[in-house]
2 protein chains.
Amino acid sequence: MTARAAPVKMSDVARHAGVATITVSRALRTPQRVSPQVLARVHAAVEATGYVPNLAAGTLKSQRSRIVAAIVPTLRNSIFAETAEGLAEALDAHGYQLLLANSGYSADAEERILRNLLGQQPDAVVLTGTVHTPRLRELLSGRRIPVVETWDLSDQPIDRVVGFSNLQGSRQLTHALAARGHRRIVFVGTTDNERRAGERCAGYCQAMHELGLAPDVFEIGGQPVSIGTGARALAGLLQRGPLPDAACFLNDYLAFGALLECQRQGLAVPGRIALAGFGDFEIAREASPSITTVRVPGYAMGQVAARLIVERLAGKADDAKEIDLGFEVVMRDSA
Amino acid sequence: MTARAAPVKMSDVARHAGVATITVSRALRTPQRVSPQVLARVHAAVEATGYVPNLAAGTLKSQRSRIVAAIVPTLRNSIFAETAEGLAEALDAHGYQLLLANSGYSADAEERILRNLLGQQPDAVVLTGTVHTPRLRELLSGRRIPVVETWDLSDQPIDRVVGFSNLQGSRQLTHALAARGHRRIVFVGTTDNERRAGERCAGYCQAMHELGLAPDVFEIGGQPVSIGTGARALAGLLQRGPLPDAACFLNDYLAFGALLECQRQGLAVPGRIALAGFGDFEIAREASPSITTVRVPGYAMGQVAARLIVERLAGKADDAKEIDLGFEVVMRDSA
DNA sequence: GTGAAAGCGCTAACAT
DNA sequence: ATGTTAGCGCTTTCAC
């Protein structure tokens with residue numbers, strides 16, 4: 001019951017329960033292989049001593065850590081946080097621990113961080129996106145552990161992919177805007193630092209070509225993908241020249257910021273300009289007018305990645321290299 | 001250069017470099033204690049073999065993991081994510097790895113999760129809030145590792161606290177609203193599941209007493225603290241009876257939702273009703289009208305907690321039990 | 001169902 | 001500056 005100064009180890013628990021160390025180990029890991037009486041004694045001893053297993057020792061011997069390492073670009077963007085929570089919850093339910101790190105959108109940082117994470121002997125790895133350094137692939141291929149890439153699809157996955165097509169999402173959204181009669185459609189975002197951003201821009205461009213319309217990309221450059229940047233982008237569009245019929249934004253924060261700026265400037269949405277975002281964040285649903293967007297499976301990608309990992313670590317076969325969780329174009333009032 | 005199927009261990013690197021295993025260990029941990037030539041040979045061998053240290057082994061022997069465990073209520077709320085990133089970045093800069101878990105706002109879950117985390121032998125622990133189960137305190141006090149509680153202040157910290165006073169923040173905000181002439185001020189939130197929510201409500205109530213005004217708390221119950229809930233709360237206030245002069249919301253999402261609902265209903269803000277939030281999320285700054293709120297040191301708490309931990313693990317003295325990072329009442333257009 | 005012995009891959013302590 | 005030895009706390013393997 002009382003906490004102790006010197007760390008309690010398994011042999012202390014064993015002595016307390018009057019059994020061998022290995023029996024404590026079994027009582028904790030595989031209780032069905034221990035008689036009920038002994039099991040009870042061991043549990044009582046664990047309670048009494050306040051024992052917490054030293055997983056470093058177990059990992060060292062068993063070569064299994066029950067840790068899954070994941071790298072996300074940032075935690076600040078709530079959409080990756082959803083994937084992380086989906087992962088964490090599903091892994092926790094199966095006794096796995098999520099070791100989470102963020103790369104700040106840099107492939108080099110990702111490699112460095114993965115190197116550190118691998119030192120913890122994770123049983124599996126989850127990455128965001130499908131663009132990585134060549135050495136990262138080597139690092140992982142030598143380990144023979146399950147790897148799941150998320151948030152995109154890929155022809156050449158490292159191992160498994162759970163995601164959706166950013167390109168198709170943006171493409172279908174653009175077609176949907178055109179179907180509502182918009183012709184001069186601008187894409188507002190950046191092709192710079194991030195692959196998924198580039199995919200969305202490419203999907204837009206592809207749709208414009210298919211429609212026989214001229215693509216028009218408005219760069220936000222290195223600015224954060226935030227509400228404020230969206231507002232400034234709309235102001236920039238106004239300054240640039242005649243306002244397009246519609247604007248597709250890299251994500252819902254930008255679109256919402258643009259919506260606010262339109263309202264401040266007295267521009268009717270969608271009358272004067274139609275707006276669309278990407279991601280289906282809460283704000284897109286709640287804004288007035290509500291914002292047309294593309295719903296992406298943030299939480300589900302985490303859950304499914306976790307399920308894939310748990311099943312493979314349990315030895316179950318699994319032939320699907322790629323799981324496409326899809327997206328949904330959500331037409332709302334802003335377009 | 002090439003990755004290997006069988007895991008490379010330190011002795012493999014040593015053989016490759018023609019030195020003893022311990023020399024590789026030193027080259028990696030304390031390069032200044034190794035001659036430049038040997039250092040170069042070891043680095044070359046590490047490169048050539050693709051060696052990644054097994055930290056489980058190092059942790060077991062050295063009793064130091066270079067892991068810091070942290071528990072936040074949720075990652076979905078971007079404000080805790082900021083604290084987590086502040087922690088992660090500052091710890092990473094000093095070679096520590098953040099092991100992050102979320103408790104879902106439950107003290108019992110927090111205890112269970114901490115138990116798991118402690119198994120990884122963290123060198124320090126960071127908790128959110130100052131309300132925990134008694135067993136959690138026991139669990140930690142037996143370990144003699146630095147513990148930092150965040151997001152609140154406390155008379156009886158487990159070890160160290162880095163935070164601010166939620167109660168004072170809400171109290172001062174309420175006084176500021178009163179100073180603008182508002183008398184019938186309602187607090188919208190919940191006292192249910194979360195301590196910080198209760199503190200904010202208490203601060204409001206205390207201010208109202210000091211002002212000789214009657215407190216009026218509108219409960220949102222178990223609903224999520226979201227934009228949509230804020231909108232529904234405002235609708236609820238309207239149904240309930242005559243609208244108050246001003247409303248303090250538990251956080252900025254609620255306040256923003258209420259603002260949207262006011263706009264939909266044609267209620268002037270702050271003319272018909274003044275609104276205030278808590279947290280200073282981006283949306284409070286960007287909304288039209290911008291939202292009066294209380295700015296809290298989310299990222300800084302993470303940074304400072306990390307600094308405290310790194311310094312103590314480096315053996316530096318540190319007498320401040322409690323670091324109050326303060327808050328700032330930000331008066332904007334909504335009140 | 002339970003136990004004894006061995007050893008996972010590192011690093012602390014003690015040489016040299 | 002470099003090496004030798006021992007052992008961290010578990011779990012695997014092999015007994016009984």
Side-chain angles (χ1 to χ4, degrees), chain A residues 4 6-43 45-46 49-67 95 116 118-123 142-143, chain B residues 4 6-43 45-46 49-67 95 116 118-123 142-143:
Chain A
R4 300 264 312 282
V8 180
K9 43 194 180 184
M10 200 178 266
S11 58
D12 298 328
V13 177
R15 192 163 359 91
H16 200 103
V19 295
T21 313
I22 182 62
T23 303
V24 176
S25 177
R26 282 199 271 253
L28 265 29
R29 304 291 151 225
T30 51
Q32 69 281 10
R33 291 192 200 170
V34 166
S35 70
Q37 305 93 306
V38 170
L39 193 59
R41 289 224 309 284
V42 170
H43 279 147
V46 166
T49 53
Y51 172 66
V52 175
N54 183 333
L55 300 180
T59 296
L60 183 57
K61 181 63 193 177
S62 68
Q63 311 284 28
R64 296 174 62 252
S65 61
R66 298 198 78 82
I67 286 177
N116 291 341
L118 286 179
Q120 308 288 355
Q121 314 300 109
D123 291 339
R143 300 229 148 203
Chain B
R4 299 264 312 284
V8 179
K9 43 194 178 182
M10 199 178 266
S11 57
D12 298 328
V13 177
R15 190 162 1 90
H16 206 280
V19 297
T21 313
I22 185 67
T23 303
V24 176
S25 176
R26 282 199 272 254
L28 265 28
R29 304 290 151 226
T30 52
Q32 69 281 10
R33 289 192 201 170
V34 166
S35 73
Q37 306 93 305
V38 170
L39 193 59
R41 288 224 307 284
V42 169
H43 279 147
V46 166
T49 54
Y51 173 65
V52 175
N54 183 332
L55 300 180
T59 296
L60 183 58
K61 179 65 192 175
S62 68
Q63 312 283 27
R64 297 174 62 253
S65 61
R66 298 197 78 84
I67 285 177
N116 291 341
L118 285 178
Q120 308 287 355
Q121 314 300 109
D123 291 340
R143 300 230 148 202

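In what follows, every chain begins at residue 1, and chains take the letters A, B, ... in the order their sequences are listed.
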TODO: Taking all non-hydrogen atoms of both residues into account, name the closest pair between B/V13 and B/V24 and its distance.
DONE: CG1-CG1, 3.9 Å

Open item on the list: Can you list everything that forms a side chain to side chain donor-acceptor pair (under 3.5 Å) with A/R15? Sequence neighbours excluded, please.
Closed with: A/D12

TODO: Would you kindly give the CZ-to-P distance between A/R29 and C/dT2, to the nearest whole Å?
DONE: 18 Å

- [ ] Take the protein atom NZ of B/K9 and the nucleotide atom C1' of C/dG7, then report the distance between them rounded to whole Å.
- [x] 10 Å

Distances under 3.5 Å between nitrogen or oxygen atoms of protein and nucleotides 3-5 of chain D:
| from | atom 1 | to | atom 2 | distance (Å) |
| --- | --- | --- | --- | --- |
| D/dG3 | OP2 | B/A20 | N | 2.9 |
| D/dG3 | OP2 | B/T23 | OG1 | 2.6 |
| D/dG3 | N7 | B/R26 | NH2 | 2.6 |
| D/dG3 | O6 | B/R26 | NH1 | 3.4 |
| D/dG3 | O6 | B/R26 | NH2 | 3.4 |

Task: Proximal nucleotide (of C/dT11, C/dT2, D/dA1) relative to the B/S35 side chain - done: D/dA1

Task: Partners passing side chain to side chain donor-acceptor pair (under 3.5 Å) against A/D123 (at least two apart in sequence or in another chain) - done: A/S65

Open item on the list: The criterion is side chain to side chain contact (heavy atoms under 4.5 Å, CB included); which residues satisfy it with B/A20, sequence neighbours excluded?
Closed with: B/I22, B/T23

Open item on the list: Is B/Y51 close enough to C/dG9 that one of its side-chain N or O atoms is under 4.0 Å from OP1 or OP2 there?
Closed with: no

Open item on the list: Can you measure A/L55 atom CG to D/dG9 atom P for me and round it to whole angstrom units?
Closed with: 14 Å

TODO: Please state how far atom CG in A/L60 lies from atom P in C/dG7, giving the value in whole angstrom units.
DONE: 14 Å

- [ ] Could you state the atom-to-atom distance from CG of A/L118 to C1' of C/dG9 in whole Å?
- [x] 16 Å

Open item on the list: I'd like to check the side chain to side chain contact (heavy atoms under 4.5 Å, CB included) partners of B/T21; sequence neighbours left out, ordered by chain and number.
Closed with: B/M10, B/S11, B/A14

Open item on the list: Please pick, from D/dC10, D/dG7, D/dT12, the nucleotide with the shortest atom-to-atom distance to any side-chain atom of A/S62.
Closed with: D/dT12

Open item on the list: My understanding is that only residues two or more places apart in sequence, or in another chain, count here; which of them pass side chain to side chain donor-acceptor pair (under 3.5 Å) with B/T59?
Closed with: none

Task: Atom-to-atom span, CG of B/L28 to C1' of C/dC10 - whole angstrom - done: 11 Å

Task: Spacing between B/M10 atom CE and C/dT11 atom C1', to the nearest angstrom - done: 8 Å

Open item on the list: Pick the closest DNA chain D nucleotide for B/A57 and for A/S25 by heavy atoms, then say which residue is nearer the 5' end.
Closed with: B/A57

Task: Out of C/dT2, C/dC8, C/dC10, whichever nucleotide has its closest atom nearest the side chain of A/Q63 - done: C/dC8

Open item on the list: Is any side-chain heavy atom of A/R29 closer than 4.5 Å to one of A/P53?
Closed with: yes

- [ ] Let me know, please, whether B/K61 or B/P36 comes out on the 5' side of the other along DNA chain D by nearest nucleotide.
- [x] B/P36

TODO: Calculate the interatomic distance between B/N54 atom CG and C/dG7 atom P; express it in whole Å.
DONE: 18 Å

